[in-house]
Amino acid sequence: MTQPTMPTRRKALQLLAGVPMLPLSASASAALLSACGGGGDSAPSFVSASFTSMAAPTLASAAAMATTTVGSTLNIKLSDDSVRSFQLAYQPFFVTGDMVSDGKGGTILSGGYYDINNKPIIDSTVVGKERHFYSDAPDGTSLLTVANPTVTGLKGKAVFAVVQFEYTTWAQDGKSDMYGKLPSPIAVLTLDQDQTTGKLSLVNYHNVDTSKVHGLWITCGASLSPWGTHLSSEEYEPDAFSIASNTMFQAYSKNLYGDAAKANPYHYGHMPEVTVNADGTGSIKKHYCMGRISHELVQVMPDNRTALMGDDATNSAYFVFVADKEKDLSSGTLYAAKVGSGFSIDPKATTAAALTWIKLGSATSAEIENLANTLKPTDIMTVVSKDPSDASYTKIVANGKTEWIKINAGMEKAAAFLETHRYAAFMGASLGFTKMEGTTVNIKDKVAYSALQNIQSSMVAGNAANVPGNGISVPKQLVAGAVMALNLKGGQKDTAGAAINSEWMPVDTKALLAGEDITADALGNTANPNTIANPDNLKFSEKMRTLFIGEDSGQHVNNFLWAYNVDTKQLSRVMSIPAGGESTGLHAVDEINGWTYIMSNFQHAGDWGAIHSVVKDTLDPLVKANYKNKSGAAVGYLTGTPTQMKLG
């Protein structure tokens, strides 16, 4: 995505007329200037960028399978037809579980968990080795600057990264499943940007106090707003109607509040926003008016008002929120899409399926938070799992289950914003996607991209979760998933005929890229390793005209980070994630103080599945040695060095 405009100092190193530059060594920078004839006004301008594609690692290089491996080259074409090439590498800020500077003369545990009173949550599963819980699943990351930073002790310029930690896979005993049972931490990193090399160095780590927003629930993907804030997520909203039997949520409540019954499910499944302060601290608020769905992430369009939201659930939908005011997501109108005829997951299809928009409601965050504080689910609607043979009930399919619902009189707004999936289905929206993950926007072409990690269950005709006639139905599953492209236009009306106050509404959807399911190969891959599988994180670079795709695949033995040039249609494998891990934290930054960055994390290295039977015995000890017995994961970015540069 595009970094908000920021003032830059025009130094000789950065007078390459818009060339995107990953951080380089000082000698490499001098070589680049020399090769380009210095930093004068005659320096050639940037034309295009491309990435070479690295080979997928194999057991012939087992060590490469057990860590972050980068074998791609970034090639920059200039207006004089010359090409500058930079070999890419991965640079972590830390591996979770590291003790890092807190900026106050002490240290703090990176990825550490805290309760509602900001006290450390302790892992006591191994007697005599009690320790502070920390995450192995860093996810959404935003790189940004703020005006007039007051951080001291820097040699270069202050740059900040906001990093959220989705969950912890296992307790230290290796047996206690901790998914969703701990309140997700979120941190602000203060980074020192070297103005000669562009290198980022961690200076301090600030854990954001989330107590005023009732803690955070499974923070997954994230994006940077056009006004420079971190837009977080809360995935898989807990079902308020079955909360009494939800042992995961009870454990979450116990760890957060010390009371298994205290957490309110209606406080979770919303969109948090983090603002970084000048001193490197952060403040947070939740926007309750953007729908309570399985927020994967939110992509705000250049109008500073229109937000396309990922919805990572079974029977998910396209949702759009249009804010009343620019740069303010605290009030607005929520819409859900109805998919027209012709939906296809074949990138070769010549037509797109039309999208029309159903208005679910308008609200402020404050009024929906008040409803969340005061209402029980049965105050809003009645939900039954068997046909009541009562015409006052409406049959829907939500979260993979067929239900019959009846909305209580006067509770339409509460239903729209607190029971959004059920209400959208009730209103006739197309709730039929499976695991709709990342979203991003190509501003120049006015196209949004949306990842479908899997195409199965609710998307397949004849499946119990599929809704005939909702426009989302394919004859055969494609577990490897696809990336969809959505054209964006203004002048749209909702299905009731009212004008939609946005110039950035999706009007259709069409497959851009698709994975390929295969019979397991010799390494264990059940999806073609030479193309995408189970796309999750998406980010678009305007300057490089490149869509970056991070995988969350149970079909690739190693997950990959890909770069897809939307003009040349070239797909390049850029990085391989440690086997059993997921590619997360993706953020493409075109420019901060003249430098370009590709942020990338990973999660749960060595989380073995059936596809890892061939490699597990070889790789498990290597992954354990690299990442704290599989308890740690890296937060960092791609850096670069030139391959054939010489001084003078």
Side-chain angles (χ1 to χ4, degrees), residues 1-11 13-24 29 32 43-51 72 74-79 84 86 88 91 140-146 157 159-162 191 193-195 197-200 222-231 297 299-302 304 438-449 537-550 561-568 570 572 574-575 585-600 636-640:
M1 77 179 293
T2 303
Q3 175 74 12
T5 302
M6 301 172 191
T8 60
R9 292 164 61 188
R10 296 182 61 82
K11 296 183 178 181
L13 177 63
Q14 298 162 354
L15 279 171
L16 294 180
V19 178
M21 293 186 293
L22 290 154
L24 307 174
S29 302
L32 179 59
S45 60
F46 170 74
V47 174
S48 64
S50 63
F51 293 83
S72 176
L74 170 62
N75 297 310
I76 302 297
K77 183 178 179 180
L78 304 177
S79 58
R84 304 292 175 254
F86 308 100
L88 302 180
Q91 179 63 52
T141 300
S142 297
L143 192 71
L144 54 95
T145 63
V146 299
K157 290 187 176 181
V159 174
F160 303 96
V162 183
L191 307 170
Q193 185 190 49
D194 188 305
Q195 295 305 290
T197 66
K199 181 181 178 181
L200 300 174
S223 67
L224 182 67
S225 74
W227 52 94
T229 59
H230 175 87
L231 302 181
L297 61 77
Q299 175 62 61
V300 177
M301 301 302 166
N304 294 314
T439 60
T440 190
V441 63
N442 170 348
I443 296 172
K444 178 182 178 182
D445 297 337
K446 219 168 182 180
V447 174
Y449 304 106
N537 277 216
L538 298 180
K539 285 293 186 295
F540 188 75
S541 166
E542 289 289 330
K543 187 162 287 186
M544 289 189 276
R545 300 283 294 161
T546 296
L547 177 65
F548 293 96
I549 304 166
L561 173 62
W562 301 86
Y564 177 73
N565 188 293
V566 297
D567 296 323
T568 66
Q570 178 182 348
S572 304
V574 174
M575 181 166 69
L586 180 60
H587 182 200
V589 184
D590 280 344
E591 191 271 334
I592 286 186
N593 299 327
W595 302 94
T596 295
Y597 301 91
I598 304 168
M599 312 302 292
S600 184
Y637 66 103
L638 291 176
T639 184

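Just so it is clear, the structure is predicted and the values come from calculations on it, not from any experiment.
The distance from the CG atom of Leu88 to the OG atom of Ser72 is 5.0 Å, given to the nearest 0.5 Å. Of the inter-residue distances, the one linking Trp595 atom CH2 with Asp194 atom CG reads 8.0 Å to the nearest 0.5 angstrom. How far CG of Leu74 is from CE of Met544: 6.5 Å, rounded to the nearest 0.5 Å. The line from CG of Leu561 to CG of Leu586 is 5.5 Å long, rounded to the nearest 0.5 Å. With rounding to the nearest 0.5 Å, the separation of NZ in Lys539 from CD1 in Ile549 is 12.5 Å. For the atom pair OG1 of Thr596 and CD1 of Ile76, the computed distance is 8.0 Å after rounding to the nearest 0.5 Å.
In terms of heavy-atom proximity, Ala222 sits nearest to Gly140 at CB-CA, 3.6 Å. Counting all heavy atoms, side chain and backbone alike, Asn304 lies closest to Pro226 at OD1-CB, 3.1 Å. Between Leu224 and Gly228 the shortest heavy-atom distance is CD1-C, 3.8 Å. Across all their heavy atoms, Met575 and Leu638 have their closest contact at SD-CD2, 3.8 Å. Nearest heavy-atom pair, Thr546 versus Ala563, reported as atom, atom and distance to 0.1 Å: CG2-CB, 3.7 Å. Nearest heavy-atom pair across Gln193 and Gly198 is CG-O, 4.2 Å.
Between Arg545 and Asp567 there is a salt bridge, since a side-chain N of the basic residue sits under 4.0 Å from a carboxylate O of the acidic one.
Judged by distance alone, the side chain of Asn537 and the main-chain N or O of Gly585 form a donor-acceptor pair under 3.5 Å. A donor-acceptor contact shorter than 3.5 Å is absent between the side chain of Gln195 and the backbone of Thr197. Judged by distance alone, with hydrogens and angles left aside, the side-chain atoms of Glu542 form a donor-acceptor pair with the main-chain N or O of Ile443 at under 3.5 Å.
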### Task
Verify side chain to side chain contact (heavy atoms under 4.5 Å, CB included) between Val162 and His587, making sure each step is shown before the conclusion.
CA-CA 11 Å; Val162 183; His587 182 200; over 6 Å; no

### Query
Could you go step by step and tell me if Phe540 and Val447 meet the side chain to side chain contact (heavy atoms under 4.5 Å, CB included) rule?
CA-CA 10 Å; Phe540 188 75; Val447 174; over 6 Å; no

### Task
Test Phe46 against Arg84 for side chain to side chain contact (heavy atoms under 4.5 Å, CB included), laying out the working first.
CA-CA 10 Å; Phe46 170 74; Arg84 304 292 175 254; over 6 Å; no

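The shortest side-chain heavy-atom distance between Lys199 and Thr639 does not fall under the 4.5 Å cut-off. A heavy-atom distance below 4.5 Å is found between the side chains of Leu200 and Leu143. Taking 4.5 Å as the limit, some side-chain heavy atom of Tyr449 sits within range of a side-chain heavy atom of Val566.
Annotation: Lys77, atom NZ; neighbour count of heavy atoms from other residues, nucleotides and ligands within 6.0 Å does not exceed 12.
Taking the six-membered ring where the residue is Trp, Phe51 and Phe548 present perpendicular rings, their angle passing 60° and hence far from 30°.
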